[in-house]
Amino acid sequence: MTPHDISTLDTDLSEQLPRIVTELPGPRARELLAKEEPFLSPSLIHVVPLMVDRASGCVVRDVDGNTFLDCVAGIATASTGHCHPRVVQAVKDQADVLLHICGTDFHYPGYGELASRLARLAPGPDDWQTFLTNSGTEAVEAAIKLARHHTGRVDMIAFRGAFHGRSTGSLSLTASKTRYRRGFGPLLPGVHHADYASCHDCPVGRTYPGCDIACLTESLERDLFQYTVAPDQVAAIFVEPVQGEGGYVVPPRDFLVRLREICDRYGIMLVFDEVQSGMGRTGTFFAAEHFGVVPDIITLAKGLASGFPLGAMMARPEIMTWPGGSHGSTCGGNPVCIAAALATLDLLEEELCGNSAAVGAYLKLRLETELADVPTVEGVRGLGLMIGIELARPELAGALTQACYQRGLLVLDCGKKAIRMAPPLVLTRAQADTAADIFVTTCRELG
Ligand code: PLP
């Protein structure tokens, strides 16, 4: 069967259940994998040998006709589901009239429209200003530059377990795995790391979820401010309001409240990196809303344009004080990506944020209840459709990812020994049931 034959087999892929019809990877996938291998950068991870032909909603089909339920969503990015017809139509319409003009030098209506809609949706007063980028790491780079420019200070604080990107500035903040940093130093000077409150492998012996914010006081105020860096030298504290790559860790509200207080006291910019937790992923537009904390700077990307390369760095006008020409981007805020983002915002506002909250709570409850007596599972946590499952041992995460793939469920590891579920926000209850059924059965068998 050729890929062409497969693609004409059905019309509504999004309704399909996972169905594995060949060994994995199948013959066509093996052939294509062997052909591409010599030409690809070996830095690409490729957690499973999945060669995707097409995808719709939460369902992905490979080149051999196997269908998978997608609980990864291109790493929490295909927010409106794969190829949502309204996003596809918006992209086609825009592509007919304007592909590129460069938002740094010229105007087009979409840029301002997206910025004003994001301003209304962001927490706190709605006078946020936005700089658009091509990716999450670029949004973080922009935040680093803005924070330094605005405060006239150099140093930055981030947290152990954090992931802020892979370009040199953002990589200096990233501290989720040494493999991201090994061999790339020296990175930016003046970056300090503290403990993320409520971390599941708490260095001071408190374990999730009973942790209080003493970690923060000890790690940040005592260890850093007393011994390493004076707070009046710090330009910004970068924090993921829900830690992503580091393990899908939800901090106690007080952690972020306390960070806000510290930043206010010392004139430090509080940057919420919402690249993974934003755009409805946690059941609210911004994860910040769960905690009632308004940051000074926000970074977004991933779900912003349903998979098109678009990121955003937002700040209030009193902070967005850099002058014309001090920062820019050739393709950041490309009109086609913006068209995808505007359609994405419509869908999130109409129903998908709510669906993320409701179906996320349902899936989490099922996993919590049914995994409670499985010895290899230590706990389930998360908000909305950002769900982490903490395992007993690191090697289980890889084994589970592979075993779920063999059964038609795509999941990804995170943290030291956790699995993340971050499906498209269109996940239905029936699909959540299928995901839970496969995941629980696989956990039980591995345990
Ligand atoms: N910040 C966070 C919180 C992320 O999760 C990521 C990517 O996973 C990034 C930044 C970097 O985004 P990108 O891969 O688009 O550069």
Side-chain angles (χ1 to χ4, degrees), residues 41 43-47 72-79 131-147 156-177 179-181 184 187-188 191 193 196 199 236-251 256 270-282 286-288 295 297-314 329 331-334 337 340-341 344 382-388 411-415 418 420-422:
S41 161
S43 64
L44 303 172
I45 303 172
H46 294 137
V47 280
V72 179
I75 316 192
T77 297
S79 48
F131 174 84
L132 294 174
T133 69
N134 301 283
S135 64
T137 198
E138 286 173 69
V140 172
E141 295 292 342
I144 292 171
K145 286 178 68 178
L146 179 65
M156 286 171 289
I157 293 172
F159 292 91
R160 280 184 260 284
F163 188 89
H164 295 290
R166 298 177 173 91
S167 50
T168 304
S170 66
L171 180 61
S172 312
L173 303 170
T174 290
S176 57
K177 289 190 179 85
R179 78 171 181 208
Y180 295 133
R181 300 166 62 102
F184 297 119
L187 299 172
L188 285 189
V191 175
H193 287 99
Y196 192 79
C199 40
I237 296 180
F238 283 76
V239 65
E240 294 161 273
V242 177
Q243 218 173 47
E245 162 75 19
Y248 276 29
V249 183
V250 186
L256 297 172
L270 181 60
V271 184
F272 274 8
D273 182 346
E274 294 242 24
V275 165
Q276 189 151 176
S277 61
M279 305 311 294
R281 173 60 46 201
T282 64
F286 293 81
I297 300 176
I298 301 176
T299 55
L300 288 172
K302 292 196 181 281
L304 177 55
S306 293
F308 276 81
L310 186 68
M313 190 278 290
M314 306 173 65
S329 168
C331 289
N334 167 277
C337 300
T344 301
L383 292 169
L385 283 169
M386 187 169 186
I387 300 175
V411 294
L412 209 58
D413 64 320
C414 61
R420 64 181 119 176
M421 283 203 190

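Just so it is clear, the values below take in all heavy atoms, side chains as well, and ignore hydrogens, waters and symmetry mates. First listed ligand is number 1; within each ligand, the first listed atom is number 1.
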Between ligand 1 and the protein, which N/O pairs are shorter than 3.5 Å?
{"unit_1": "ligand 1", "atom_1": "1 (N)", "unit_2": "Phe163", "atom_2": "O", "d": "3.4"}
{"unit_1": "ligand 1", "atom_1": "1 (N)", "unit_2": "Asp273", "atom_2": "OD1", "d": "3.3"}
{"unit_1": "ligand 1", "atom_1": "1 (N)", "unit_2": "Asp273", "atom_2": "OD2", "d": "2.7"}
{"unit_1": "ligand 1", "atom_1": "5 (O)", "unit_2": "Gln276", "atom_2": "NE2", "d": "2.8"}
{"unit_1": "ligand 1", "atom_1": "8 (O)", "unit_2": "Lys302", "atom_2": "NZ", "d": "3.1"}
{"unit_1": "ligand 1", "atom_1": "15 (O)", "unit_2": "Gly136", "atom_2": "N", "d": "2.8"}
{"unit_1": "ligand 1", "atom_1": "16 (O)", "unit_2": "Thr137", "atom_2": "N", "d": "2.8"}

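Annotation: side-chain contact (heavy atoms from CB on, under 4.5 Å) contacts of Ser135 (sequence neighbours excluded): Thr137, Glu138.
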Is there a side chain to side chain contact (heavy atoms under 4.5 Å, CB included) between Leu304 and Thr344? Walk through the geometry before answering.
CA-CA 7 Å; Leu304 177 55; Thr344 301; over 6 Å; no

Starting from the C-alpha separation in whole Å, work towards a yes-or-no answer on ring pair (Phe, Tyr, Trp, His ring centres under 6.0 Å) for Phe286 and Phe272.
CA-CA 10 Å; Phe286 293 81; Phe272 274 8; 9.9 Å; no

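When side chains are defined from C-beta on, Arg420 counts as touching Gln276, because their heavy atoms get closer than 4.5 Å.
By the 4.0 Å N-to-carboxylate-O rule, Arg281 lies too far from Glu274 to be salt-bridged with it.
For the residue pair Ser329/Thr133, the side-chain donor-acceptor check at 3.5 Å is not satisfied.
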